[in-house]
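Following: one structure in structure tokens, then a few remarks.
Heavy-atom basis, side chains included; hydrogens, waters and symmetry copies ignored. Just so you know, these numbers come straight off a predicted model, no measurement behind them.
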Amino acid sequence: MEDNEIIALFYTRSEHAILALSEKYGSICHKVAFHILKNPLDAQECVNDAYLGVWNTIPPQRPARLSAYVCRIVRNLSITKYHANTAFKRNSSYDTALEELEDCLASPQTVESEWSARELSRLIDDFLDTLDQESRVMFVRRYWYADPVADIALRMKRSQNSVSVRLSRIRGKLKKYLRKEGYEV
């Protein structure tokens with residue numbers, strides 16, 4: 001079923017909309033949630049909450065890319081759940097992915113005082129446009145979907161070391177790009 005047909009089901013408030021959404025994007029939603037949470041039950045809960053979120057926001061929203069829309073909701077819910085679950089402990093895989101980006105981005109207080117989240121997002125989008133497709137895919141898989149380096153290496157048919165080195169170089173380029181654009185790193 002095409003995205004516009006699924007969105008039309010949401011607009012008519014058909015219960016089949018959730019089923020169609022789940023059939024088309026359920027596996028990617030579960031993968032996003034699981035890579036962040038590392039717990040299948042918590043991941044399932046976030047995916048179900050995301051479906052409810054989509055139900056509550058379409059209408060009035062009419063997303064151009066339904067996959068990105070639902071994955072963003074799943075990711076945000078998963079991060080919230082992750083922070084609730086790990087308030088006093090570490091989840092090494094997701095923390096590691098975030099720590100890799102720490103040197104490129106200033107603290108949240110600095111970001112809020114100097115740039116809006118929308119401006120930072122625009123800068124990162126512009127930076128991603130400067131990368132070749134393989135580098136862009138690696139960056140997004142690692143820092144958006146929180147894929148482990150081993151999974152990215154397998155997907156890209158590269159060694160883990162090659163992917164780690166490439167990601168390190170991309171982070172260095174991002175840091176330089178943000179500085180050049182006037183963003184304090």
Side-chain angles (χ1 to χ4, degrees), residues 3 25 28-29 31-37 46 50 53-54 57-58 60-84 86-87 90-185:
D3 286 0
Y25 297 117
I28 187 71
C29 289
K31 195 173 197 176
V32 167
F34 184 77
H35 281 174
I36 294 170
L37 297 166
C46 286
V54 172
T57 57
I58 300 177
Q61 298 291 322
R62 186 175 286 278
R65 292 194 49 212
L66 187 57
S67 61
Y69 188 77
V70 69
C71 282
R72 187 186 76 227
I73 293 172
V74 168
R75 183 175 185 274
N76 290 342
L77 290 169
S78 298
I79 290 170
T80 300
K81 181 80 167 168
Y82 166 81
H83 287 302
T86 60
R90 271 178 64 88
N91 174 329
S92 62
S93 61
Y94 192 61
D95 282 334
T96 300
L98 293 177
E99 286 171 3
E100 290 172 2
L101 281 176
E102 272 181 1
D103 290 338
C104 298
L105 304 175
S107 71
Q109 291 78 21
T110 304
V111 172
E112 290 173 6
S113 65
E114 294 184 24
W115 295 90
S116 70
R118 192 170 299 230
E119 179 65 15
L120 179 58
S121 176
R122 184 193 63 76
L123 285 172
I124 293 173
D125 284 345
D126 290 348
F127 167 74
L128 290 174
D129 287 341
T130 70
L131 299 176
D132 62 272
Q133 181 178 357
E134 187 176 55
S135 295
R136 189 171 40 250
V137 168
M138 283 183 186
F139 186 91
V140 171
R141 297 296 325 172
R142 180 68 175 146
Y143 303 115
W144 176 259
Y145 292 107
D147 282 358
V149 171
D151 289 0
I152 298 169
L154 186 63
R155 174 187 289 267
M156 306 300 283
K157 297 180 175 69
R158 300 216 174 243
S159 70
Q160 288 185 38
N161 186 54
S162 170
V163 170
S164 293
V165 167
R166 189 91 162 274
L167 287 169
S168 177
R169 289 179 181 156
I170 294 168
R171 289 190 310 271
K173 288 179 182 178
L174 173 60
K175 195 173 186 177
K176 286 179 185 175
Y177 182 85
L178 291 174
R179 281 186 180 145
K180 185 182 110 194
E181 293 297 318
Y183 180 79
E184 187 60 36
V185 179

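When side chains are defined from C-beta on, K180 does not count as touching K176, because their heavy atoms never get closer than 4.5 Å. Using a 4.5 Å cut-off on side-chain heavy atoms (C-beta onward), R158 and M138 make contact. Side-chain contact between F139 and L174 is present, with heavy atoms from C-beta onward closer than 4.5 Å. For the pair E134/R166, a side-chain contact is recorded, criterion being any heavy-atom separation below 4.5 Å from C-beta on. Annotation: side chain of K173 is not in contact with side chain of T130 (no heavy-atom distance under 4.5 Å).
Nearest heavy-atom pair across G53 and I73 is C-CD1, 4.4 Å. The minimum heavy-atom distance between I36 and Y82, with the atom names listed, is O-CD1, 3.7 Å. Closest approach of H35 and A146 over heavy atoms only: CB-O, 3.4 Å. In terms of heavy atoms, V74 sits closest to A50 at CG2-CB, 3.3 Å. When all heavy atoms of I152 and V163 are compared, the pair lying nearest together is CG2-CG1, 3.8 Å. Taking each heavy atom of C46 and L37 in turn, the nearest pair found is SG-CD1, 3.7 Å.
Residues forming a ring pair (Phe, Tyr, Trp, His ring centres under 6.0 Å) with F34 (at least two apart in sequence, or on another chain): none.
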(request) Carefully, step by step, assess I28 and S67 under the rule side chain to side chain contact (heavy atoms under 4.5 Å, CB included). (result) CA-CA 9 Å; I28 187 71; S67 61; 5.9 Å; no
(message) Checking T57 against Y69 for the side chain to side chain contact (heavy atoms under 4.5 Å, CB included) test, could you report, in this order, the C-alpha distance in whole Å, the side-chain angles of both residues, the deciding distance, and whether it holds?
(response) CA-CA 10 Å; T57 57; Y69 188 77; 2.6 Å; yes
(request) Decide side chain to side chain contact (heavy atoms under 4.5 Å, CB included) for D3 and R65; before the verdict, give the C-alpha distance in whole Å, the side-chain angles of both, and the deciding distance to 0.1 Å. (result) CA-CA 8 Å; D3 286 0; R65 292 194 49 212; 5.6 Å; no
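Between the side chain of R75 and the backbone N or O of V32 there is no donor-acceptor pair closer than 3.5 Å. Side chain of T80 to main chain of N76: a donor-acceptor pair is present (N/O by atom type, distance under 3.5 Å, no hydrogens or angles).
Between Y177 and F127, the ring planes are tilted. Angles from 30° to 60° get that label.
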